[in-house]
Number of protein chains: 2
Amino acid sequence: MDGKPYIAQRPKRADGRRNYDAILAAARKAFETSGADASLEDIASQAGVAIGTLYRHFPTRASLVEAATRDGLENLVAHAQRLAAGPDPLDALTEWMREAVVHFSTFRGLVGILTRSMYDEGTPSHAMCAAMHRSGADLLHAAQAAGRVRPDLTPEELFDLLSGAAWVREQAASGRDSSPRFLQLVLEGITTRED
Amino acid sequence: MDGKPYIAQRPKRADGRRNYDAILAAARKAFETSGADASLEDIASQAGVAIGTLYRHFPTRASLVEAATRDGLENLVAHAQRLAAGPDPLDALTEWMREAVVHFSTFRGLVGILTRSMYDEGTPSHAMCAAMHRSGADLLHAAQAAGRVRPDLTPEELFDLLSGAAWVREQAASGRDSSPRFLQLVLEGITTRED
DNA sequence: CCATCAAGCTGAGGCTACCTCAGGATAATT
DNA sequence: AATTATCCTGAGGTAGCCTCAGCTTGATGG
């Protein structure tokens, strides 16, 4: 019924690529200062481009957000695989969660978009989110297999906790960041106790 | 510098009260189905009232949200005082947190508004949020005094955890609610272990 | 019952942002 | 140089926000 979500692609023509890049740069800046609902017309004019051009490359706001966050999330997935090769599965998991929280809260409104994308296939960010889900689940299972994390914790629950931390971080835009402590409390809560 | 935030008041004239009530009812319904950014013009027309009338009673969106959630939060504070008189401080705290999560996530966008209000005095909801903060802090301190909750947990951190749970609940609008499990994990994490 | 008037109501209108589309421009290709 | 698919533009329709000048009406005192 519903076609696949549109995923923005860097155009082949030189002028197209130039504008595509300029829009993406302007969008990243605008999202960081004004959140995910920044004005698209501002972004276009900041990129020195007409509004129609923005819509040509990014027909929906979601497709623009996806393109603006793609690289960061790709790195996150790659880092998960590197961490999985390390010696301590719990360290790997905690380190990854710390990093994930930062990427999830790059700008106000992103956590909500990503958590919605995680289970909604009709969304541009879904593919990337699903990849992250797998990465996180792998790290979790390894930590559980090593007996370091309570075995009844599901990946979905882990992402709930992670999203909560990221959301808290998002809110504290102009204050100090309380997400490290949030994550610490959560992690101490889900690890197995053996002292 | 900045004057006190405007707090909506039920008017004295009969026609004013009628409209005030109708707007509040329409607003509650609209917020629940469309979130905190529901169209004010829709709310007005749903209440059978011109847009100017809505703005007369509720000059800002925040003042309307405050009025729409006032009762629920008042009850929450009252319930905290009742619970504080109970025998088990930990039970009281967990029960109250469960209830708070529900009230905080009455509609999409509310948690964000309330957590911002909690520390921002220029906000209509601030007074009510500060009262809740006291209620929660009291219950927390009692549970800590009884040695049931880790003593290094601050009220602010408690509210971060609580808000995280409420936010997760908010997101899962049309799915099953994962906040009870979230809260369970958090609570098991912050209680002292003595088994 | 009436006069008075503060309180309340209305909706047009200016503003901003979203998004579309018909017509024009241009990079790539042959 | 000609062709053409790709790309660009910006006016314009739609929707929501919010204000304000002018009108209406409930409450009050006589």
Quiz item: Same cluster for B:L187 and A:L162 if Ile/Leu/Val/Met/Phe/Trp/Tyr side chains link at under 4.5 Å?
Solution: yes
Exercise. Let me have a per-nucleotide readout for nucleotides 13-18 of chain C, 5' to 3', with B, S or -, counting only protein heavy atoms under 4.0 Å.
Key: ----BB
List every contact pair, protein side and nucleotides 27-30 of chain D side both N or O, where the distance is under 3.5 Å.
| unit_1 | atom_1 | unit_2 | atom_2 | d |
| --- | --- | --- | --- | --- |
| D:dA27 | OP1 | B:A14 | N | 3.0 |

Find the distance [X]:[atom1] to [N]:[atom2] and express it as a whole number of Å.
X     : N      : atom1 : atom2 : result
B:R18 : D:dG26 : CZ    : C1'   : 10 Å
A:N19 : C:dA27 : CG    : P     : 11 Å
B:L54 : D:dG16 : CG    : P     : 14 Å
A:F58 : C:dC19 : CZ    : C1'   : 16 Å
A:R56 : C:dG24 : CZ    : P     : 17 Å

Quiz prompt | Pair A:R70 + A:E74: basic N to acidic O under 4.0 Å | solution = no
Exercise. For the pair B:D160 and A:R181, find out whether any cationic side-chain nitrogen is under 4.0 Å from an anionic carboxylate oxygen.
Key: no
Quiz prompt | Minimum heavy-atom distance between A:S39 and A:D42, given as atom pair plus value | solution = OG-N, 3.0 Å
Quiz item: With a 4.5 Å limit on heavy-atom distance, are the side chains of B:V149 and B:L158 in contact?
Solution: no
Donor-acceptor pairs are to be reported for all side-chain atoms of residues 122-130 of chain A against protein atoms at under 3.5 Å, with residues two or more places apart or in another chain.
| unit_1 | atom_1 | unit_2 | atom_2 | d |
| --- | --- | --- | --- | --- |
| A:H126 | ND1 | A:S117 | O | 2.7 |
| A:H126 | ND1 | A:D120 | O | 3.4 |

